[in-house]
Undergrad: 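Before I ask anything, let me first share the structure, which is written out below as structure tokens.
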2 protein chains.
Amino acid sequence: MTTIKHDISENDESEESLSIDDHQIMTMSVKELNTLLKSMKPNDAANIKRRRRILKNKGYAASSRHRQTSMVGNLSVERSQLVRQISQLQHENESLSQELRGWKQRYSDLQLLASPIGTVSQSTAAKSNNVKEPSH
Amino acid sequence: MTTIKHDISENDESEESLSIDDHQIMTMSVKELNTLLKSMKPNDAANIKRRRRILKNKGYAASSRHRQTSMVGNLSVERSQLVRQISQLQHENESLSQELRGWKQRYSDLQLLASPIGTVSQSTAAKSNNVKEPSH
DNA sequence: ATGATAAGTGAGCAC
DNA sequence: GTGCTCACTTATCAT
């Protein structure tokens with residue numbers, strides 16, 4: 001519990017032996033820390049506390065940066081997706097318009113063919129590609 | 001040219017008189033700077049150069065941050081626009097689909113009405129909303 | 001006490 | 001030398 005130095009002998013990380021305990025200082029609970037600090041010169045204690053704060057801040061800064069970065073990344077990705085979706089919708093739209101034109105034409109043709117039967121009210125106004133809207 | 005201090009008497013900006021020349025140090029051309037530096041103790045000269053670098057860096061950092069910020073801002077705005085455009089396209093799409101359905105129906109009705117005339121080939125298969133595609 | 005962020009500084013890359 | 005950006009520190013704010 002109170003062993004500060006060299007709990008770990010195998011250290012593959014690229015850290016000098018001087019800063020090995022940094023992680024411990026930062027991680028330690030406040031209670032453990034205070035217990036430890038009482039057994040030191042008040043000057044050193046203050047230094048340790050300050051260092052702990054700095055180390056934590058370093059971490060906060062890092063995660064803040066990462067957050068910022070991934071936010072931009074997400075926005076970029078999202079933008080690409082939206083753009084893709086838009087072009088897809090535009091294609092669908094184009095396709096629908098074309099289909100619609102086709103049906104209007106076909107309707108017009110049929111109407112022309114069928115005109116002799118029903119009451120020939122306004123069927124004369126059925127030009128090549130301009131027919132009035134259906135009611136529903 | 002070589003007047004360093006107090007060229008400006010009116011200073012509305014919130015700067016202490018100590019840092020007034022900072023802007024000058026930073027702005028001065030290299031030639032002017034060197035001319036000035038030659039008339040100083042090499043130690044002070046080095047300090048000035050270092051400070052110039054620091055001041056410039058401060059500016060670079062600031063503009064870098066602004067750039068980053070406005071980039072995110074632009075992405076957000078762009079995203080909103082894209083989203084808006086998408087919902088618009090979706091509405092257009094919906095509208096077209098509906099219109100298309102209407103025309104298909106109307107065509108089907110007319111076809112049913114006109115069926116006694118032409119060859120009654122498959123018009124019996126014309127159910128409520130299911131008609132075959134037109135060729136074009 | 002802890003977490004977050006803006007601003008300043010140093011280090012290092014690219015031109 | 002200049003400009004840029006990353007990582008770190010400091011100051012400051014909110015919880």
Side-chain angles (χ1 to χ4, degrees), chain A residues 1-2 4 11-77, chain B residues 1-2 4 11-77:
Chain A
M1 281 281 239
T2 45
I4 303 308
N11 185 17
D12 295 357
E13 258 51 40
S14 57
E15 295 292 335
E16 310 302 328
S17 32
L18 284 174
S19 55
I20 287 187
D21 39 325
D22 275 2
H23 182 260
Q24 296 171 319
I25 293 178
M26 188 178 68
T27 309
M28 219 179 307
S29 80
V30 207
K31 269 199 139 7
E32 293 174 308
L33 186 70
N34 283 341
T35 313
L36 170 63
L37 290 184
K38 270 198 270 288
S39 65
M40 304 178 73
K41 282 184 295 186
N43 212 340
D44 295 351
N47 277 346
I48 295 285
K49 285 188 70 175
R50 184 175 156 282
R51 198 134 91 89
R52 176 187 166 89
R53 176 59 167 163
I54 291 180
L55 287 172
K56 293 220 168 191
N57 279 338
K58 193 203 302 197
Y60 303 146
S63 52
S64 186
R65 259 178 275 126
H66 295 151
R67 205 183 342 270
Q68 168 78 342
T69 298
S70 70
M71 180 182 299
V72 174
N74 287 340
L75 280 176
S76 299
V77 171
Chain B
M1 283 280 242
T2 44
I4 303 308
N11 186 16
D12 296 356
E13 258 50 42
S14 58
E15 294 291 334
E16 308 303 328
S17 33
L18 282 174
S19 53
I20 286 186
D21 41 325
D22 276 0
H23 182 260
Q24 295 171 321
I25 293 178
M26 187 177 69
T27 309
M28 220 179 308
S29 81
V30 208
K31 268 199 141 4
E32 291 174 307
L33 185 71
N34 283 340
T35 313
L36 170 64
L37 291 183
K38 270 198 268 290
S39 64
M40 304 177 72
K41 280 185 296 186
N43 212 340
D44 295 352
N47 278 348
I48 295 285
K49 285 188 68 174
R50 184 175 157 280
R51 198 134 93 90
R52 177 185 164 91
R53 176 60 167 163
I54 291 180
L55 288 172
K56 293 222 169 191
N57 277 340
K58 193 202 306 197
Y60 303 146
S63 53
S64 187
R65 265 179 229 122
H66 294 152
R67 200 172 300 122
Q68 168 80 349
T69 297
S70 70
M71 179 181 297
V72 175
N74 287 339
L75 280 176
S76 298
V77 171

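So you know, we letter chains A, B, ... as the sequences are listed, proteins then strands, and number each from 1.
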Undergrad: How far does OG1 of A:Thr27 sit from CD of A:Glu32, to the nearest 0.5 angstrom?
TA: 9.5 Å

Undergrad: Got a sec, which residues hit side-chain contact (heavy atoms from CB on, under 4.5 Å) with B:Ser70, two or more places apart in sequence or on another chain?
TA: none

Undergrad: First contact, last contact: which nucleotides of DNA chain C are these for chain A, 5' to 3', heavy-atom distance under 4.0 Å?
TA: C:dA1 to C:dT5

Undergrad: Heavy atoms only: give me the nearest B:Leu75-A:Ser76 pair and the separation to one decimal.
TA: CD1-OG, 4.1 Å

Undergrad: Given atom CZ of B:Arg67 and atom P of D:dG3, what is their separation to the nearest angstrom?
TA: 11 Å

Undergrad: Has B:Arg52 got a side-chain N or O lying under 4.0 Å from the OP1 or OP2 atom of D:dG1?
TA: no

Undergrad: Check side-chain contact (heavy atoms from CB on, under 4.5 Å) between B:Ser63 and all other residues, then give those that pass, not counting sequence neighbours.
TA: B:Arg67

Undergrad: Take atom NZ of B:Lys56 and atom C1' of D:dC4, then tell me their distance rounded to the nearest Å.
TA: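 The distance from NZ of B:Lys56 to C1' of D:dC4 comes to 14 Å, rounded to the nearest Å.
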
Undergrad: Just to verify, what does A:Thr69 make a side-chain contact (heavy atoms from CB on, under 4.5 Å) with, not counting sequence neighbours?
TA: none

Undergrad: Show which side-chain atoms of residues 52-59 of chain B pair as donor or acceptor with protein atoms under 3.5 Å away, not counting sequence neighbours.
TA:
from, atom 1, to, atom 2, distance (Å)
B:Arg52, NH1, B:Ile25, O, 3.0
B:Arg52, NH1, B:Met26, O, 3.3
B:Arg52, NH1, B:Met28, O, 2.7
B:Arg52, NH2, B:Met28, O, 3.2

Undergrad: Please enumerate all residues that pass side-chain contact (heavy atoms from CB on, under 4.5 Å) together with B:Arg65, with sequence neighbours excluded.
TA: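 Listed in chain order: B:Ala61.
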
Undergrad: In whole angstrom, what separates B:Met28's CE from D:dG1's P?
TA: 15 Å

Undergrad: What string of B, S and - do you get for nucleotides 6-15 of chain D 5' to 3' if you count protein non-hydrogen atoms under 4.0 Å?
TA: -BBBB-B---

Undergrad: Determine whether A:Leu37 and A:Met40 satisfy the following criterion, side-chain contact (heavy atoms from CB on, under 4.5 Å), listing intermediate values before the conclusion.
TA: CA-CA 5 Å; A:Leu37 290 184; A:Met40 304 178 73; 3.9 Å; yes

